[in-house]
Amino acid sequence: KGDTKIINPGKLDELNLLPSATLIYKLKKDEGAPTNLRLNYSQTVVRPSIRELSNTKIYDYELRQFVTGNPDLKQARISNYDLRLESYFKSGDNISASIFYKDFRNHIELVTFLDVSWQNVDKSNVMGIEFEGRKSLIQKRLEFRANVTFVRSQTTFVRYTNVFGNTFVPVDTIKRPMFGQAPYILNGMLSYNADSLGLTLTVSYNIQGPRLAIASVTENVPDIYELPRHLLDFKITKKLGKYFSASVTVRDILNAPVRRAYKFDNWDTNFDKFRYGTNYVLGISYRF
């Protein structure tokens with residue numbers, strides 16, 4: 001009645017069979033320090049969220065504009081292929097190297113057209129290599145963990161042009177990086193355990209390469225990328241008796257800015273820039 005509008009709801013009602021298989025070949029048959037070669041295949045799906053699937057305009061406070069859902073979205077289907085070489089040591093340390101390939105169908109991306117909305121992209125793929133390791137030092141009191149991943153992603157994308165008014169026609173098909181996928185990811189964590197004091201100190205670090213944040217459908221509007229930011233966190237945990245422990249966590253110590261920029265001039269022109277601020281969290285836990 002009156003100004004009440006009927007929302008065109010999306011519908012998701014599918015049954016998925018998701019096969020998975022792993023083959024392990026033991027290069028070194030040592031129970032305390034094995035070396036394995038793993039081959040893995042699996043199928044997975046990514047379903048659109050309620051926000052993405054609802055035909056409503058919701059204000060996004062980070063983008064500072066409305067984002068419209070798409071009731072015609074399909075769930076994304078992913079075929080995963082992984083080959084991993086891993087080696088374990090009697091000290092508890094380990095090291096591994098992996099190569100992977102992922103084939104996407106109907107990957108969901110955030111795009112700008114007449115407004116900002118979600119749409120499926122027919123074909124995307126991701127391939128890369130990952131190195132991971134763990135090393136204990138100083139009589140296992142100090143532990144270092146790290147992984148680094150290098151990724152090449154590609155999406156086949158149809159680009160449009162505005163002929164007149166709100167009439168758009170396809171111009172060509174281009175290939176570009178996949179939405180949300182960074183070309184490199186680096187994680188590191190350094191922990192110190194003083195068992196006699198019931199004290200643990202942890203410092204963690206993360207950085208990711210530039211990621212496509214909003215894809216442009218039209219040829220004259222540049223894509224928007226979220227640029228790398230250095231994330232540094234710290235946590236201290238202290239046992240309090242037999243069952244209790246307390247912790248203090250400081251997240252984003254550097255208060256690194258989130259900066260999104262247009263690609264056309266090597267990201268010199270900002271789309272936006274803001275900071276979440278450094279967060280301090282006090283926690284108390286009970287275990288029995």
Side-chain angles (χ1 to χ4, degrees), residues 10-50 52-53 70 72-89 92-111 118-135 145-158 173-189 206-213 215:
K11 183 179 181 180
L12 185 63
D13 184 10
E14 294 189 36
L15 174 66
N16 301 109
L17 298 177
L18 304 174
S20 176
T22 300
L23 180 64
I24 303 175
Y25 181 72
K26 295 184 178 182
L27 298 173
K28 182 181 177 182
K29 297 181 180 180
D30 185 337
E31 292 185 2
T35 298
N36 302 321
L37 184 65
R38 293 177 180 265
L39 178 63
N40 182 74
Y41 167 76
S42 65
Q43 289 186 2
T44 54
V45 296
V46 176
R47 298 180 177 91
S49 67
I50 294 177
E52 296 166 352
L53 200 59
N70 181 358
D72 296 322
L73 282 178
K74 303 173 184 178
Q75 65 180 7
R77 300 175 179 270
I78 312 158
S79 296
N80 307 280
Y81 307 85
D82 302 272
L83 180 64
R84 176 185 175 97
L85 177 64
E86 57 189 17
S87 184
Y88 298 89
F89 305 94
D93 300 336
N94 63 73
I95 188 170
S96 66
S98 308
I99 57 175
F100 58 87
Y101 177 82
K102 300 178 184 294
D103 182 67
F104 290 77
R105 292 292 183 269
N106 297 321
H107 183 240
I108 300 171
E109 301 195 342
L110 185 64
V111 302
W118 304 91
Q119 76 170 29
N120 291 113
V121 177
D122 290 339
K123 297 180 180 180
S124 302
N125 63 73
V126 171
M127 63 182 70
I129 184 169
E130 180 180 20
F131 301 96
E132 185 175 4
R134 173 183 181 272
K135 178 65 178 175
R145 295 174 181 259
N147 67 16
V148 57
T149 306
F150 300 98
V151 179
R152 179 185 179 274
S153 66
Q154 188 177 84
T155 288
T156 302
F157 193 73
V158 178
T173 300
I174 62 172
K175 296 185 183 297
R176 57 156 175 75
M178 195 171 77
F179 170 81
Q181 180 61 61
Y184 62 86
I185 303 171
L186 174 63
N187 293 293
M189 185 174 69
N206 168 268
I207 188 172
Q208 299 187 38
R211 296 173 289 170
L212 180 60

Exercise. Taking atom CD of E14 as the centre, does the number of heavy atoms from other residues, nucleotides or ligands within less than 6.0 Å exceed 12?
Worked result: yes

Exercise. Is the side chain of S87 donor-acceptor paired with the backbone N or O of I95 at a distance under 3.5 Å, no angle test?
Worked result: no

Exercise. Is it the case that N187 and N206 place a side-chain donor and acceptor less than 3.5 Å from each other?
Worked result: yes

For this session: Starting from the C-alpha separation in whole Å, work towards a yes-or-no answer on side chain to side chain contact (heavy atoms under 4.5 Å, CB included) for D122 and T156.
Result: CA-CA 7 Å; D122 290 339; T156 302; over 6 Å; no

Problem set entry | V126 vs R152 side-chain heavy atoms within contact, under 4.5 Å | no

For this session: Only counting residues at least two apart or in another chain, list the ones meeting ring pair (Phe, Tyr, Trp, His ring centres under 6.0 Å) with Y101.
Result: none

Exercise. At what distance, to the nearest 0.5 angstrom, does OG1 of T155 lie from CZ of R176?
Worked result: 5.0 Å

Seminar exercise, completed: Output for pair (L85 CG, S96 OG), nearest 0.5 Å, gives 8.0 Å

Seminar exercise, completed: Taken to the nearest 0.5 Å, the spacing of I108 CD1 from S49 OG works out to 7.5 Å

Exercise. If you measure from CD on E132 to CG on N94, what distance do you get to the nearest 0.5 Å?
Worked result: 7.0 Å

Exercise. Hey, does F131 have a side-chain heavy atom less than 4.5 Å from the side chain of N147?
Worked result: no

Exercise. How far apart are the C-alpha atoms of I185 and I207, what are their side-chain angles, what is the distance that settles it, and do they pass the side chain to side chain contact (heavy atoms under 4.5 Å, CB included) test?
Worked result: CA-CA 6 Å; I185 303 171; I207 188 172; over 6 Å; no

For this session: In sequence, state the C-alpha distance, the side-chain angles, and the governing distance for I78 and D103, and then conclude on side chain to side chain contact (heavy atoms under 4.5 Å, CB included).
Result: CA-CA 6 Å; I78 312 158; D103 182 67; over 6 Å; no

For this session: Name all pairs fulfilling the ring pair (Phe, Tyr, Trp, His ring centres under 6.0 Å) condition that reach into residues 16-45, sequence neighbours left out, sorted by first residue then second.
Result: Y41-Y81

For this session: Please name the pair of heavy atoms, one in H107 and one in A76, separated by the smallest distance, quoted to 0.1 Å.
Result: CA-CB, 4.0 Å

Exercise. Near L39 CG, under 6.0 Å, is it more than 12 heavy atoms from other residues, nucleotides or ligands?
Worked result: yes

Exercise. Is the closest side-chain heavy-atom distance between M127 and F100 below 4.5 Å?
Worked result: no

Exercise. Once you round to the nearest 0.5 Å, how far does CZ of F104 lie from OG of S153?
Worked result: 9.0 Å

Exercise. What's the shortest heavy-atom distance between N36 and K26, and which atoms?
Worked result: OD1-CG, 3.6 Å

For this session: Determine the minimum heavy-atom distance between Y184 and P210, stating which atoms define it.
Result: CE2-CD, 4.3 Å

For this session: Could you pull out the closest heavy-atom pair between A21 and N40, with the gap in Å?
Result: O-OD1, 3.1 Å

Problem set entry | Q181 side chain reached by V151 side chain, heavy atoms, under 4.5 Å | yes

For this session: State, with a plain yes or no, whether a side-chain heavy atom of K123 is found less than 4.5 Å away from one of R105.
Result: yes

For this session: Measure across R38 and I24 and return the closest heavy-atom pair with its distance rounded to 0.1 Å.
Result: NH1-CD1, 3.1 Å

Exercise. Between R84 and L37, is any pair of side-chain heavy atoms under 4.5 Å apart?
Worked result: no

Exercise. For F179 and A213, which heavy atoms make the closest approach, and how far apart are they?
Worked result: CE1-O, 2.9 Å

For this session: Compute whether any side-chain donor of one residue and acceptor of the other, for S42 and S20, lie under 3.5 angstrom apart.
Result: no

For this session: For side-chain hydrogen bond (donor to acceptor under 3.5 Å, both in side chains), just list the numbers for R47 and N16, CA-CA rounded to whole Å, side-chain angles, deciding distance to a tenth of an Å, and then say yes or no.
Result: CA-CA 11 Å; R47 298 180 177 91; N16 301 109; 3.1 Å; yes

Exercise. What's the verdict on side-chain hydrogen bond (donor to acceptor under 3.5 Å, both in side chains) for Q119 and E109, showing C-alpha distance, side-chain angles and the deciding distance?
Worked result: CA-CA 6 Å; Q119 76 170 29; E109 301 195 342; 5.9 Å; no

Problem set entry | Separation of K175 NZ from S124 OG (nearest 0.5 Å) | 9.5 Å

Exercise. Do we see a donor-acceptor contact under 3.5 Å between the side chains of K74 and N120?
Worked result: no

Exercise. Is any side-chain heavy atom of N70 closer than 4.5 Å to a side-chain heavy atom of L53?
Worked result: no

Problem set entry | Check against side-chain hydrogen bond (donor to acceptor under 3.5 Å, both in side chains), N80 and T44 | CA-CA 8 Å; N80 307 280; T44 54; 3.2 Å; yes

Problem set entry | Validation row: L18, V45 side chains within 4.5 angstrom (heavy atoms) | yes

